[in-house]
Amino acid sequence: DINLNSPNKGLLSDAMTDVPVDSAASARTAAPEGLTLAEEEELRSELAKVEEEIGTLRQVLAAKERHCGELKRKLGLTPLDGLKQNLSKSWHDVQVSNAYVRTSEKLGEWNDKVTQSDFYKKTQETLSQAGQKTSAALSNVGSVISRKLGDM
C-alpha cells in the first residue's frame, strides 16, 4: 500500500525499483474459482456501474449539503442552534428510555423509604436543632461584638 499523504512519498529506497503498471492488466487477475470469463466480465461491468453511481450520489449529496447550508444561513440558523437542538432531542430520548424511567422509579422508591425511616427523621430533627442553635450563637456573638465596638 502507498500512503499518498506520507512525507516520504516519491522517495524510493535502494531496494525499490520502478515497475511499469498497466491498469487494465493489474485489474485483471485470474478469475476466482467457479466463475466463467463471461461472469467475471459481467461482475466487473456491474462493479464499474455501481462505482460510477456512488460517485454521482456523492456529488448530489455534496450539492444538497451546500444547499442546506445556504438555507440555514438565510434563516439565521447557526451550528450552535443545531447542536442545541440535537442535545435537547438526545436528552428527551434519554428521559423516555426504559432504563431511565425504571431507574427514576427505583430511585423514587428508595427516596421514599429513606425519608420515611426513623433514622432519617431523627437526623433531620437533630440537624435542624443544631442549625438553630448555631444561628442563635452567631447572632449572640454579633451582638457582643457590636456592643464592644460601641463601647470603644
Under a side-chain separation threshold of 4.5 Å, the hydrophobic residues clustered together with Leu80 are Leu83, Leu87
By salt bridge (charged side-chain N to carboxylate O under 4.0 Å, His left out), Glu105 pairs with (sequence neighbours left out) none
For Thr115 and Lys121, the nearest pair of non-hydrogen atoms, with its separation, is O-CE, 3.9 Å
The single option from Glu42, Glu41, Glu40 that satisfies salt bridge (Lys or Arg N to Asp or Glu O under 4.0 Å) with Arg44 is Glu40
In this structure, are over 12 heavy atoms from other groups packed under 6.0 Å from Glu46 atom CD? no
side-chain hydrogen bond (donor to acceptor under 3.5 Å, both in side chains) filter on Asp93, not counting sequence neighbours, yields Lys89
Side-chain donor-acceptor contacts of residues 47-62 below 3.5 Å, not counting sequence neighbours, with atom names and distances?
unit_1: Thr56; atom_1: OG1; unit_2: Glu52; atom_2: O; d: 3.1

Applied to residues 40-91, the ring-ring contact (aromatic ring centres under 6.0 Å, His included) test, sequence neighbours excluded, yields Trp91-Tyr100
For Lys72, the side chain to side chain contact (heavy atoms under 4.5 Å, CB included) test, sequence neighbours excluded, returns Cys68, Leu77
Check whether any side-chain heavy atom of Ser88 sits under 4.5 Å from a side-chain heavy atom of His92, and report yes or no. no
For Trp110, the ring pair (Phe, Tyr, Trp, His ring centres under 6.0 Å) test, sequence neighbours excluded, returns none
Distance-only donor-acceptor hits, side chain of residues 142-152, under 3.5 Å, sequence neighbours excluded:
unit_1: Ser143; atom_1: OG; unit_2: Ser139; atom_2: O; d: 3.1
unit_1: Ser146; atom_1: OG; unit_2: Gly142; atom_2: O; d: 3.0

Salt-bridge criterion met for Glu70 and Arg73 (N-O under 4.0 Å): no
d(Ser104 OG, Arg102 CZ) to nearest 0.5 Å is 11.0 Å
Sorted by chain and residue number, the ring pair (Phe, Tyr, Trp, His ring centres under 6.0 Å) partners of Tyr120 (sequence neighbours excluded) come out as none
Residues at least two apart in sequence or cross-chain that pass side-chain hydrogen bond (donor to acceptor under 3.5 Å, both in side chains) with Thr78, listed by chain then number, are Asp81
Note: with side-chain heavy atoms under 4.5 Å as the link, the other cluster members for Val96 come out as none
Applying side chain to side chain contact (heavy atoms under 4.5 Å, CB included) to Thr103 and not counting sequence neighbours gives Leu107
#### Entry: Sidechain-backbone polar pair: Ser128 side chain, Gln124 backbone, donor-acceptor under 3.5 Å
no
